[in-house]
Amino acid sequence: MNTNNSTNDNTDNSTKKQTSCADDWEPSVLSVTDARTKILENITPVSGVEKLTLRSCLGRFLAEDIYSPIEVPSHPNSAMDGYVLAGNDLPTDEPRNYQVIDTCYAGVPSSKVCKSGEVIRIMTGGLIPEATDTVIMQEQVKLNDDGTVQIKSGHKIGQNVRLAGEDIPLNFKVLEKGHQINTADLGILASLGIGELRVYRRPRIAFFSTGDELRSIGEPLAAGEIYDSNRYTLYAMLKQQDVDILDMGVIKDKPEAMQQAFQEASEMADIVITSGGVSVGEADYIKPTLEKMGDIDFWKIRMKPGRPLTFGKLGKARFFGLPGNPVAVMVTFLQFVQPAIYRLASGKTKPMITLKAKSQSKLYKRPGRYEFQRGIFQQDDNGALVVKRTGMQGSGILTSMSIANCFILLDEKCAGVEEGDIIEIQPFLGSL
Ligand code: AMP
Ligand code: MG
């Protein structure tokens with residue numbers, strides 16, 4: 001990777017941009033990592049608890065430790081369809097014929113007791129009968145015309161038997177408080193006969209768009225007006241988070257309207273998200289409103305896209321003022337809001353997983369900001385990860401996010417990437 005300062009970013013060579021690049025190194029400008037750390041330090045996990053039926057608990061965080069009330073399996077049972085007998089009655093040398101004295105199905109135990117020279121036919125899951133401990137697979141047994149079965153030597157005592165409690169012993173701590181219930185857990189809890197759980201309530205997230213130019217779908221567009229798309233991408237990203245979503249619509253760039261919306265949102269939600277109105281020029285406009293109402297910081301972050309970000313406290317809620325540009329909204333949500341929601345829901349921090357991939361594109365970048373370019377990664381014919389850039393990378397080009405399945409992460413020092421360089425990518429949810 002080229003870290004030489006002289007590489008030109010041919011997408012923007014203006015003097016204005018160079019000035020802005022210089023202030024990226026100002027001490028007051030935060031790095032992405034520092035901004036994320038500051039945000040996470042300010043998130044207090046939800047403490048409210050609710051009791052839900054098992055299926056409704058998928059994705060929720062446990063508010064209690066779960067101990068096994070029974071063993072799983074609850075009884076020793078057969079792992080195979082076959083014949084069960086006492087291990088000490090196995091043939092030691094020559095094949096031997098056995099009488100079949102009963103059949104045992106899963107859920108229908110046999111009450112017969114095998115004596116020497118006797119076996120019981122058993123199906124997978126069938127309870128191991130008294131005085132037996134070893135199952136011979138039916139494929140390894142020869143059926144004789146007289147109804148007896150022939151078993152050869154070479155079997156091991158205890159084979160093909162699932163022992164009681166071998167998966168989960170009694171009173172075992174199966175799941176810990178704080179654990180997020182996953183698909184396998186639902187099955188495990190069902191196997192323990194547990195039908196209800198105490199879990200933490202979902203975080204409540206309110207959001208609205210700000211901007212006099214924004215119109216809702218269905219309204220005609222006058223000159224200079226655009227449809228509000230951020231509320232839809234925000235809705236979609238929140239939908240993937242297992243949170244309660246409160247969509248508050250579009251709020252005009254008027255202090256009174258904003259103040260009222262901020263007030264209502266902060267009373268209902270744990271996190272309030274807005275988009276727009278934090279860039280230079282407009283920031284001053286909503287700044288006094290927010291400063292009057294809460295404890296809000298206006299940050300410049302050394303990143304692209306998504307440089308301006310507002311974060312702080314609004315009543316009991318945490319407030320995120322995301323930029324207005326559609327791609328910047330998605331980038332800042334995924335880098336800052338999503339980890340905050342996870343912390344709020346779970347009390348934990350999830351590491352941001354990155355992968356290494358070979359770049360199939362030459363990437364222009366100047367040192368200064370951490371860039372989240374949009375990429376498409378896949379496996380090449382040899383199974384190695386490769387990534388190429390989506391087309392235009394402007395922060396208003398939302399189609400670049402639609403085509404992409406990952407962010408290409410270019411750190412502050414990076415001064416461009418040559419084709420063939422190994423670079424870091426951050427896959428999108430569901431892209432693996
Ligand atoms: P702002 O930060 O409010 O100056 O907005 C930056 C850019 O993003 C402007 O071009 C806005 O028109 C655009 N923008 C702001 N909010 C939205 C939105 N909700 N949907 C689509 N574009 C938006
Ligand atoms: Mg605006």
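For ligands, and for the atoms within them, numbers begin at 1 and follow the listed sequence.
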Practice item. Compare all side-chain heavy atoms of V337 with those of T332 and state whether any distance is below 4.5 angstrom. Key: no

- 4.5 Å side-chain heavy-atom contact, F319 and S266: no

Checklist entry - Checking side-chain hydrogen bond (donor to acceptor under 3.5 Å, both in side chains) for the pair Q426/Q335: CA distance, chi angles, key distance, verdict? => result CA-CA 10 Å; Q426 192 182 57; Q335 302 306 318; 2.7 Å; yes

Quiz item: N/O to N/O below 3.5 Å, does that happen between P323 and ligand 1?
Solution: no

Point to revise | Modelled atom types, side-chain donor and acceptor of S395 and N325, under 3.5 Å | key: yes

Note: E213, heavy atoms under 4.0 Å from ligand 1, region reported as side chain

In ligand 1, the atoms that come under 4.0 Å of a heavy atom of N325 are 6 (C), 7 (C), 8 (O)

- Beyond-backbone contact of E371 with I408, side-chain heavy atoms, under 4.5 angstrom: no

Quick note on ligand 1: atoms under 4.0 Å from a heavy atom of D228 include exactly 18 (C), 19 (N), 20 (N)

So the atoms of ligand 1 within less than 4.0 Å of a heavy atom of I226 turn out to be 12 (O), 21 (C), 22 (N), 23 (C)

Nearest non-hydrogen contact to atom 1 (P) of ligand 1 from the set G277, S209, G211, G224 belongs to G277

### Task
Return yes or no for this condition: an N or O of G276 is under 3.5 Å from an N or O of ligand 1.
no

- Does any donor atom in the side chain of E256 or Q260 lie under 3.5 Å from an acceptor atom in the other side chain? no

